[in-house]
Structures are given as structure tokens and as C-alpha cells.
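Since the structure comes first, as C-alpha cells, the remarks are kept for the end.
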Amino acid sequence: MMRLRHLFILMFILMIMVSVSAGAYAQVDAQLTQYFEVPSYYNPAATGNTDFVRLRAASRMQWVGVHGAPRTFLFTGDMPVKLLGKRIGVGLMAQQETIGLYDNLNIGAQIAYKARLFGGTLSVGLQVGFLNQGFKGSDVVLPDDDDYHQGSDDAIPTTDLNGTAMDLAAGVFYTRKNLWAGLSMTHINRPVVSFSSDTDPNALYEFQAGRVLYFMTGGNIPVNNTLFEIQPSLLVKSDFTFTTGELTGRVRYNRIFSFGLGYRYKDAVSVLLGVEIKDFYLGYSYDYPTSALSRVSNGSHEVMAGYRLKLDLREKNRHKHKSIRIM
């Protein structure tokens with residue numbers, strides 16, 4: 001147990017240290033209103049925290065009506081396994097997003113070690129993957145018929161670019177009864193993607209993804225003598241230059257239907273709906289912008305679908321006896 005505590009302390013210190021040296025870099029993480037359904041996307045330590053194989057797929061259309069606004073697709077899958085008598089979580093995350101002329105692809109394999117602590121479960125997780133960045137320079141238009149632009153600019157590529165870099169994330173996650181909380185960081189190594197041009201091999205362009213720190217917490221609180229449950233959750237994220245957060249409150253009835261409201265700081269208010277039928281899940285959220293974007297956007301739509309499969313990790317036939325009875 002002491003070794004695990006030391007690991008937890010070292011990881012926390014690591015996150016604090018890298019936060020001091022982080023600067024303002026372009027970010028590639030998706031913005032999701034139903035973040036509570038995909039905690040492993042933000043924190044690899046959240047993998048394998050249930051007795052199920054959990055699959056989630058999400059599609060988000062952000063700021064409908066704004067040309068070049070983000071369009072996101074996300075897939076997460078995780079499950080618990082037994083390794084050398086210990087329970088660990090394994091998972092996979094894949095995110096694809098287009099923003100204007102940029103195309104981001106982020107894929108990561110996840111593993112989380114778990115141990116009992118203070119009546120709950122502490123998980124320490126790591127994600128190793130890659131970040132692929134593409135830029136459609138062939139769609140760049142540089143007007144040269146006014147005093148503010150020139151027809152050519154070496155700093156702006158006019159050919160299609162593409163590059164890949166290794167990407168790391170890590171986190172800690174704690175669950176106890178109906179409550180959970182996690183602290184994580186994505187793009188720990190601040191991956192630098194060096195672009196190569198399809199037509200000009202001598203062109204040199206770079207993109208750097210900055211570190212992002214996430215804190216998540218939430219719970220599932222039954223209402224006595226009713227079929228209702230209250231499910232509050234909170235997500236805070238920071239790139240050490242800009243910090244924001246969102247608060248969500250949901251009510252679930254009979255473990256089937258859920259309804260909720262959310263607020264993202266200085267950005268949007270949200271309405272959330274969900275339904276669970278046996279092992280299937282379907283969720284929808286609509287965000288209405290509270291900023292100046294409300295003048296040009298009809299809001300954001302997000303759909304999430306999921307499936308889960310129960311696993312039995314118990315040791316079967318641990319005390320197997322052979323009968324010597326002769327019939």
C-alpha cells in the first residue's frame with residue numbers, strides 16, 4: 001500500500017511541476033457536454049472502473065451555423081481484466097475532429113492499476129498513443145486586391161500538410177460508493193507535429209499541442225423511498241492560460257430515463273436527455289450559447305450511444321474436488 005501511495009504522490013507532483021512550465025499552445029481535445037459518460041476520454045485511470053465492457057460513441061456538431069465550426073466523433077471502450085491476480089483496467093480512445101482547415105486524429109491505448117484505499121478504489125492510469133494533424137492548405141485563399149493581404153505568404157501553407165507525433169496522458173481516479181473524482185493531464189509530453197507537404201518536401205511547419213489539466217467529480221445519489229436518483233457532476237479544465245468549467249445536474253428515474261441541465265462558464269447552457277434500455281444507452285444534449293456566438297449560431301447538438309456487457313471476474317472452480325464415489 002505504501003508503494004501505491006508513493007506512486008499517487010509522485011504523479012500528483014508531476015502534474016504540478018509540468019503545470020508551472022506550460023505555456024499557451026493550441027489545444028486538440030474535444031468539448032463534450034455529456035463528459036460524465038466518457039470519463040476515460042479525459043482520464044485513462046477511469047478505465048475498468050465497473051464490472052462491464054463499456055462502449056461509447058459520440059458525435060457532436062458545435063456552433064451550428066458557423067462556417068468551419070468543430071465537428072467531432074469520439075469512441076471509447078474499456079473493461080476490467082485480471083492480471084497476475086490483480087485487477088486492472090484496459091481501454092481504447094479514438095477522437096476525430098475537424099475545425100476549419102484543420103483535421104485532428106487522436107488515438108490512445110489505456111491501462112489503469114487499481115487498489116483498495118479508504119473504503120474505495122484508487123486507480124492510476126496511463127495512456128500512450130499518437131496525435132495526427134492535417135491542414136488543408138489547398139483550400140487557403142489569400143486575396144491580393146486590397147491593402148490588408150498579399151497574394152503569397154510563406155508563413156501560410158497553400159498545400160495539404162500532414163504529420164504525426166507520440167502523445168501521452170496520465171491520471172488518478174478514485175471511487176467510493178456512489179461518488180467519484182479524478183485528476184488527469186493530457187498531452188503531457190507536449191507533442192510537436194512536424195508537417196510534411198504533399199507537393200513541397202522542403203516545407204517546414206510545426207504544430208504543438210499544449211498540456212491540459214482536468215478535474216472531474218460526480219455522484220449518483222438515490223432519493224429515499226422513490227425511484228429517482230440525483231446525478232450531479234463537475235468538469236474543470238485548464239491549459240494554464242485559460243481555465244473554464246461546467247456544472248451538470250441530472251435526475252434519473254427508474255434507472256431508465258434521465259433529464260438534466262448544465263452550464264458551461266461564459267459559454268452555454270445545456271439541456272440533456274437520456275434513456276437506458278437493458279444494456280443500451282442513448283443520450284442527447286443541446287447547448288445554447290450565452291456569449292456573442294448566439295448571434296450567428298443556432299447552438300450545438302451532441303448524440304451519444306453506448307452498450308455494456310457484464311463480466312464475471314470471479315475465480316471459477318477455485319476449490320475443485322473430484323468425487324471418488326462409485327455409482
Side-chain angles (χ1 to χ4, degrees), residues 24-43 46 56-76 93 95-104 106 180-184 186-187 209-210 212-220 230-252 257-275 281-306:
Y25 296 88
Q27 303 302 331
V28 296
D29 293 348
Q31 180 171 280
L32 297 170
T33 300
Q34 300 174 74
Y35 58 88
F36 44 82
E37 283 294 331
V38 285
S40 62
Y41 170 66
Y42 302 92
N43 191 335
R56 290 290 186 269
S59 177
R60 180 177 176 86
M61 297 177 61
Q62 190 164 325
W63 303 329
V64 174
V66 176
H67 180 71
R71 299 292 183 265
T72 305
F73 176 79
L74 173 70
F75 170 82
T76 65
M93 179 279 296
Q95 172 216 333
Q96 190 275 332
E97 185 173 65
T98 58
I99 307 176
L101 299 179
Y102 285 92
D103 191 329
N104 307 322
N106 194 2
W180 53 268
L183 181 69
S184 61
T186 58
H187 318 301
V212 184
L213 184 68
Y214 291 96
F215 172 74
M216 303 177 64
T217 187
N220 184 31
I230 300 175
Q231 298 176 317
S233 56
L234 172 70
L235 173 66
V236 179
K237 53 186 175 182
S238 175
D239 63 359
F240 312 104
T241 298
F242 179 74
T243 300
T244 187
E246 47 194 294
L247 180 65
T248 308
R250 294 177 297 143
V251 175
R252 185 167 68 163
F257 302 103
S258 61
F259 169 81
L261 298 174
Y263 173 69
R264 186 176 301 113
Y265 180 65
K266 291 185 178 181
D267 182 67
V269 293
S270 308
V271 177
L272 305 97
L273 301 172
V275 60
Y281 172 83
L282 181 64
Y284 168 78
S285 65
Y286 170 74
D287 299 357
Y288 182 78
T290 57
S291 65
L293 279 169
S294 61
R295 302 173 185 173
V296 294
S297 172
N298 297 321
S300 304
H301 300 272
E302 182 179 297
V303 177
M304 186 168 296

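It should be emphasised that the depicted structure is a prediction, and the values quoted were computed from it without experimental measurement.
The shortest distance between side-chain heavy atoms of R60 and M304 does not fall below 4.5 Å. Side chains of F240 and L213 form a contact here, defined as non-hydrogen atoms less than 4.5 Å apart. Side-chain contact check for E37 versus Y281: some heavy-atom pair is nearer than 4.5 Å. By the 4.5 Å heavy-atom criterion applied to side chains, V303 and L282 are counted as neighbours.
Going from atom OG1 of T186 over to atom OH of Y214 covers 4.5 Å, rounded to the nearest 0.5 Å. Atom CD of Q95 is separated from atom CG of N104 by 6.5 Å, given to the nearest 0.5 angstrom. Separation of atoms CG (L261) and OG (S285) is listed at 12.0 Å; rounding is to 0.5 Å. We find the CE-CG distance between M216 and N43 to be 7.5 Å, quoted to the nearest 0.5 Å. Once rounded to the nearest 0.5 Å, the distance linking OH of Y263 with CG of D287 reads 12.5 Å. Between L272 atom CG and S258 atom OG the span is 8.0 Å, to the nearest 0.5 Å.
Taking every heavy atom of both residues into account, G299 and P289 meet most closely at CA-CD, 3.7 Å.
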Given side-chain hydrogen bond (donor to acceptor under 3.5 Å, both in side chains), test Y35 with S233 step by step and report yes or no.
CA-CA 9 Å; Y35 58 88; S233 56; 3.0 Å; yes

Acceptor/donor pairs from residues 66-74 side chains to any protein atom, 3.5 angstrom cut, sequence neighbours excluded:
| residue | atom | partner | partner atom | Å |
| --- | --- | --- | --- | --- |
| R71 | NH1 | Q62 | O | 2.8 |
| T72 | OG1 | E97 | OE2 | 2.5 |

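Put simply, the residue from D239, N106, D29 that forms a side chain to side chain donor-acceptor pair (under 3.5 Å) with H187 is D29.
Neither side chain, S270 nor Y288, offers a donor N or O lying under 3.5 Å from an acceptor on the other.
A donor-acceptor pair under 3.5 Å is formed between the side chain of E302 and the backbone N or O of T33. Under a 3.5 Å cut-off, the side chain of S184 and the backbone N or O of Y42 do form a donor-acceptor pair. Put simply, the side chain of S294 gets close to the backbone of S291: a donor and an acceptor are under 3.5 Å apart. Side-chain atoms of Y265 do not come within 3.5 Å of backbone N or O of A268 as any donor-acceptor pair.
For Y286, the ring pair (Phe, Tyr, Trp, His ring centres under 6.0 Å) test picks out H301, with sequence neighbours left out.
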